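Protein chains get the first letters and strands the later ones, always in sequence-line order, with residue 1 at the start of each. Since the structure is predicted, the reported quantities are computational estimates derived from the model, not experimental observations.
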Number of protein chains: 2
Amino acid sequence: MSSTVQDEAETRPGRDSSARRGEVLDAVLDLLAEGADGLTMSAVARRASCSKETLYKWFGDRDGLLTATVQWQASKVRAGAYENGRLDGLALRAGLEAYAVTWLKVISSRTSIALNRVAIGHAASGRSNLGRIVLANGRFAIGERLKPLLEAARDAGLLAFDDTEAAFRTFFGLVARDVQIRLLLGDKIRMSEGDIAEDARRATEQFLALHGARKSPANRRA
Amino acid sequence: MSSTVQDEAETRPGRDSSARRGEVLDAVLDLLAEGADGLTMSAVARRASCSKETLYKWFGDRDGLLTATVQWQASKVRAGAYENGRLDGLALRAGLEAYAVTWLKVISSRTSIALNRVAIGHAASGRSNLGRIVLANGRFAIGERLKPLLEAARDAGLLAFDDTEAAFRTFFGLVARDVQIRLLLGDKIRMSEGDIAEDARRATEQFLALHGARKSPANRRA
DNA sequence: CATGCGCCGTAACGTACGGTACGGTACGTG
DNA sequence: CACGTACCGTACCGTACGTTACGGCGCATG
């Protein structure tokens with residue numbers, strides 16, 4: 001809904017409005033991390049040292065601002081896709097653990113928690129598709145990035161499963177468990193670097209126990 | 001915060017105010033299931049055919065009403081704890097599947113989704129402990145109800161694990177996977193009776209593959 | 001029958017916030 | 001230098017909603 005205005009700003013290459021735009025969206029992320037109740041248009045304008053008029057000119061309305069913020073944050077997170085080289089058991093394990101670590105770091109970050117909370121609030125109100133955008137850039141994005149690794153491992157005879165999507169969902173469940181819902185509901189849970197590494201290791205090991213093709217013929221369907 | 005008023009109402013046994021209270025809270029649940037944006041104090045009063053004055057007298061404020069609603073809903077859900085008889089592999093499998101089915105039904109119900117959404121919204125605002133109450137009656141309640149079964153199965157030599165809590169969290173992850181977060185974010189996902197039964201069966205099988213003591217010595221730590 | 005209490009329905013109040021309008025300023029362009 | 005453009009800061013408007021106040025009714029009690 002704010003795309004027109006954005007494009008118009010982008011097509012004016014002489015100015016650094018693109019960078020300014022990022023500053024504004026960073027201000028939104030800051031405010032969000034400090035508690036979603038503080039996220040008013042006036043607060044954003046104050047924090048970003050811009051006028052409300054500019055906010056509405058650039059983003060259309062509040063939902064447009066939030067949508068742009070979600071996409072802005074997603075554009076920062078995109079990291080490491082699987083690049084296929086030779087794949088052995090160790091590389092597979094390392095790849096899975098790396099994905100698990102990345103995902104756990106994301107869902108336990110203040111920013112992600114705050115963003116998911118507002119998106120959930122919007123999903124409750126039916127209006128706008130913020131929830132869909134968050135899903136597309138979170139859960140589904142990581143799924144699409146992990147699947148190539150899973151399928152390459154299956155081709156290499158390291159994993160056994162029928163349905164890639166189902167296999168990914170199993171891995172997802174083993175990694176995230178109850179962490180995300182507890183964090184969203186305000187449970188104080190630490191998630192230090194060490195906890196994340198340990199969780200990633202455990203989840204990977206469990207996933208390999210279920211779907212690893214190594215000497216274990218007990219991997220039934222997905 | 002509204003408990004004083006509630007107790008006062010309860011101590012007046014001559015009236016059916018207790019039943020009336022339930023009607024009011026059911027009205028809140030109805031409204032909630034129709035979309036969280038419709039949940040205003042006026043709407044509740046209209047739906048429940050009571051005055052706003054009564055709402056505030058009984059529940060103190062909006063948060064008190066929401067808190068009472070969460071507890072009211074929780075009091076309806078409490079179902080089937082494990083009752084120990086002789087436990088063999090079949091009974092264990094049946095018990096785990098039953099828990100999985102119950103939990104999947106809960107998290108995919110419109111009521112639970114709506115309640116979790118408002119609780120998450122409150123957790124974002126820092127105020128009140130709605131999130132804690134939802135967690136206590138949801139995630140933690142089912143954990144405490146499942147643990148006796150897990151430990152009885154371990155005592156019977158059917159399961160192997162070190163940490164009961166960790167074992168439960170693994171089961172939780174295998175059952176819920178990405179379902180709850182997707183539903184909260186507004187993803188249209190069906191979850192028919194058949195899907196739920198199939199998910200429960202799969203999760204149970206995977207859990208037994210990881211922690212079953214039957215002829216599988218590959219169950220490392222929790 | 002008179003009294004009082006609890007509750008319904010509704011009007012009213014205060015505030016918070018999304019959205020708009022406007023004056024003032026800096027800057028790039030003719 | 002005159003002009004237009006983009007933007008900041010702020011005042012303003014309308015509305016939604018939580019909360020309170022009030023008039024009227026039904027009912028239970030003495």
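When each of dG19(C), dT19(D), dA21(D) is scored by its nearest atom to the side-chain atoms of Arg62(A), the top-ranked nucleotide is dG19(C). The side chain of Thr40(A) lies closest to dC17(C) when the candidates are dT20(C), dC17(C), dC22(D). Checking dT10(C), dC7(C), dG23(C) against the side-chain heavy atoms of Lys52(B) singles out dT10(C) as nearest. Nearest nucleotide to the side chain of Met41(A), out of dC8(D), dG18(C), dG9(C): dG18(C).
Within the 4.5 Å cutoff, side-chain heavy atoms of Arg154(A) are placed close to those of Thr164(A).
Look at OH on Tyr56(B): it is 17 Å from P on dC13(C), rounded to the nearest Å. Following rounding to the nearest Å, Lys57(A) (NZ) and dC8(D) (P) show an atom-to-atom distance of 10 Å. Nucleotide dC8(D) holds its P atom 16 Å from the CZ atom of Arg47(A), rounded to whole Å. With rounding to whole Å, Asp61(A) atom CG is found 10 Å from dG19(C) atom C1'. Following rounding to the nearest Å, Leu65(B) (CG) and dC17(D) (P) show an atom-to-atom distance of 15 Å. Leu39(A) has its CG atom 10 Å from the P atom of dC17(C), to the nearest Å. For Phe59(B) and dT20(D), the CZ to P distance is 15 Å, given to the nearest whole Å. For Glu23(A) and dC8(D), the CD to P distance is 10 Å, given to the nearest whole Å.
Residues Arg169(B) and Val179(A) come closest through the heavy atom pair NH2-CG2, 3.5 Å.
Residue Arg20(B) places at least one side-chain N or O under 4.0 Å from the OP1 or OP2 atom of dC8(C). Phosphate proximity of dC7(D) to Trp58(A): present, with a side-chain N or O under 4.0 Å from OP1 or OP2. Put simply, Thr54(A) has no side-chain N or O that comes within less than 4.0 Å of OP1 or OP2 on dC7(D).
Between Ser51(A) and Asp37(A), it is Asp37(A) whose nearest contact on DNA chain C lies nearer the 5' terminus. Each of Arg46(A) and Ser42(B) lies near DNA chain D, and the nucleotide nearest Arg46(A) is the one positioned closer to the 5' end.
Under a 3.5 Å cut-off, the side chain of Ser112(B) and the backbone N or O of Ser108(B) do not form any donor-acceptor pair.
Taking the charged nitrogens against the carboxylate oxygens, Arg177(B) and Asp199(B) do have a contact shorter than 4.0 Å, which makes a salt bridge.
Partner Phe207(A) forms a side chain to side chain contact (heavy atoms under 4.5 Å, CB included) with one of Phe168(A), Phe171(A), Phe172(A) and no other, that one being Phe171(A).
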